Amino acid sequence: MADKSLFRPALARMMAYAPGEQPPPGKYIKLNTNENPYPPPPAVVDAIRVAAGGPLNRYPDPMATAFRRAAAERLNLPGPDWVLAGNGSDEILTLLVRGFVGEGQKLRLPYPSYVLYRTLADIQGAAWEQVAFDDDWALPETFGKSDQDLRLVLLPNPNSPSGTVVSPDRVSQLADSLDCPLIVDEAYADFAEDNCLDLVQHNQRIMVTRTLSKSYGLAGIRFGFLVAQPEVIAELAKIKDSYNCDGLSIAAATAAMGCGDWLRKVQEKMNATRGRLAERLSDLGFDVVPSHANFVWCQHPNGKHQQLYEFLKKNQILVRYMEFPDWGDGLRISVGTDEQIDACLMIIERYLA
Ligand SMILES: *Cc1c(COP(=O)(O)O)cnc(C)c1O
């Protein structure tokens with residue numbers, strides 16, 4: 001047991017973030033952490049191979065210039081200086097909290113949503129404030145209320161665990177009523193119809209984070225990025241590690257930006273599977289929220305979510321059981337291949353029979 005007095009008080013007080021289980025490969029049909037069930041584009045794997053034959057004795061490009069160029073082109077941004085590359089979008093979120101929220105200051109997040117935001121605030125010795133979604137997963141006016149100590153607002157859009165979206169118009173409205181930056185975490189935006197990238201160009205306080213972990217099937221390489229106005233990017237670059245992204249991941253992510261056709265096909269496929277999953281769950285009596293992400297949130301009137309999670313696990317299917325104090329619990333099921341989803345549904349049917 002470590003002597004807690006050795007550490008900063010904020011650290012001694014906080015609880016560790018618990019990511020979804022990562023069991024040894026092959027043991028389960030894995031539908032618990034919203035990874036892509038399909039392998040990444042072949043061009044990405046080729047790019048990693050080529051990079052592995054390159055000068056590994058040299059440090060990588062500190063600003064991942066090739067990636068920034070490719071991302072700016074792919075997303076129709078005014079230029080590469082609107083992009084900051086990170087070791088997963090989780091690192092980008094860390095930089096944002098570190099850059100904007102001081103000790104004793106406050107960040108805001110909707111509830112229920114991505115639990116990591118609270119951990120990042122805890123590390124910083126900052127406070128967090130949760131604003132509950134309305135019953136129909138809209139954001140109440142209080143989410144946009146400005147206040148002296150409030151330094152940062154974080155909004156996953158599409159949200160996790162619900163998969164619901166807040167429209168760009170509403171995001172813009174919220175940003176206008178706040179005095180601090182509003183981060184739109186678009187980890188799942190590739191599965192949705194809309195996104196907030198355009199807003200970034202009109203409001204310096206709106207910033208968008210993206211990841212290659214979900215839609216591009218690259219959770220294993222750790223690459224995410226921020227889209228913000230160039231002056232904001234330059235300030236935040238001051239606090240990142242010099243070499244925050246390694247050479248292999250930069251090569252992979254750069255290649256991924258050229259795989260628009262692959263992405264569209266996988267999106268179509270996964271959105272179709274998502275529709276089937278949602279419909280069948282609904283037929284089985286679940287309350288299912290219409291999802292714009294690569295997962296489905298469901299609750300059964302029998303309330304036996306934890307038992308169903310255990311039953312699925314016993315049958316080699318791993319989904320995410322989530323419990324939110326004062327709110328409720330349910331299951332978040334990632335969209336897998338059609339075969340994986342059929343297997344999952346079969347076990348669920350067996351449980352309910
Ligand atoms: C998965 C996820 C991330 C993290 O993405 P990485 O790039 O893998 O770090 C960020 N935000 C949300 C809401 C996520 O679900």
Side-chain angles (χ1 to χ4, degrees), residues 17-22 30-37 40 44 64 67 71 83-98 107-121 123 128 130 133 137 139 152-166 171 182-192 195-196 207-227 240-241 244-246 248-250 252-254 256-257 263 270 274 289 291-297 319-320 322 324 331-336:
Y17 175 71
E21 278 173 88
Q22 296 293 349
K30 199 167 174 304
L31 305 174
N32 69 330
T33 49
N34 303 338
E35 292 141 321
N36 201 312
V44 169
F67 170 77
V83 177
L84 182 68
N87 190 296
S89 60
D90 284 350
E91 188 208 9
I92 296 291
L93 295 168
T94 300
L95 293 174
L96 291 165
V97 174
R98 200 193 282 168
L107 64 75
R108 177 181 294 159
L109 63 151
Y111 186 73
S113 73
Y114 194 32
V115 177
L116 178 76
Y117 304 150
R118 304 193 316 217
T119 309
L120 298 178
I123 294 171
W128 41 264
Q130 307 190 106
F133 279 105
W137 295 97
L139 283 169
L152 188 66
V153 176
L154 292 151
L155 176 66
N157 200 35
N159 185 50
S160 172
S162 60
T164 51
V165 287
V166 174
V171 169
L182 170 59
I183 310 304
V184 189
D185 179 347
E186 293 195 345
Y188 302 103
D190 283 329
F191 301 100
N195 64 66
C196 291
M207 301 164 205
V208 168
T209 63
R210 289 280 179 102
T211 177
L212 275 71
S213 298
K214 308 326 187 338
S215 54
Y216 285 95
L218 288 169
I221 67 155
R222 310 304 304 132
F223 204 94
F225 60 99
L226 174 73
V227 178
K240 77 176 187 67
D241 285 350
N244 60 329
C245 299
D246 66 86
L248 301 188
S249 72
I250 294 171
T254 306
M257 292 299 102
L263 183 65
M270 290 178 72
R274 176 182 74 199
V289 194
S291 170
H292 302 262
N294 64 336
F295 53 83
V296 170
W297 174 250
V319 300
R320 189 77 170 262
M322 292 176 122
F324 297 95
L331 296 181
R332 195 192 66 188
I333 305 176
S334 306
V335 173

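Both counts, for ligands and for their atoms, begin at 1 and track the order of listing. Source: prediction; values computed, not measured.
- With respect to Glu35 and Lys214, no salt bridge is recorded, no charged nitrogen being found less than 4.0 Å from a carboxylate O.
- Qualifying ring-ring contact (aromatic ring centres under 6.0 Å, His included) partners for Tyr188, counting only residues two or more places apart in sequence or in other chains: Phe295.
- Side-chain contact between Trp297 and Leu331 is absent, with no heavy atoms from C-beta onward closer than 4.5 Å.
- The contact shell of ligand 1, taken as protein residues with any non-hydrogen atom closer than 4.0 angstrom, comprises Gly88, Ser89, Asp90, Tyr114, Asp185, Ala187, Tyr188, Thr211, Ser213, Lys214, Arg222.
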Show your reasoning for whether ring pair (Phe, Tyr, Trp, His ring centres under 6.0 Å) applies to Phe223 and Phe67.
-> CA-CA 11 Å; Phe223 204 94; Phe67 170 77; 4.6 Å; yes

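- Thr209 OG1 to Asp185 CG: the interatomic distance, rounded to the nearest 0.5 Å, is 3.5 Å.
- Taking each heavy atom of His292 and Arg274 in turn, the nearest pair found is C-NH1, 3.3 Å.
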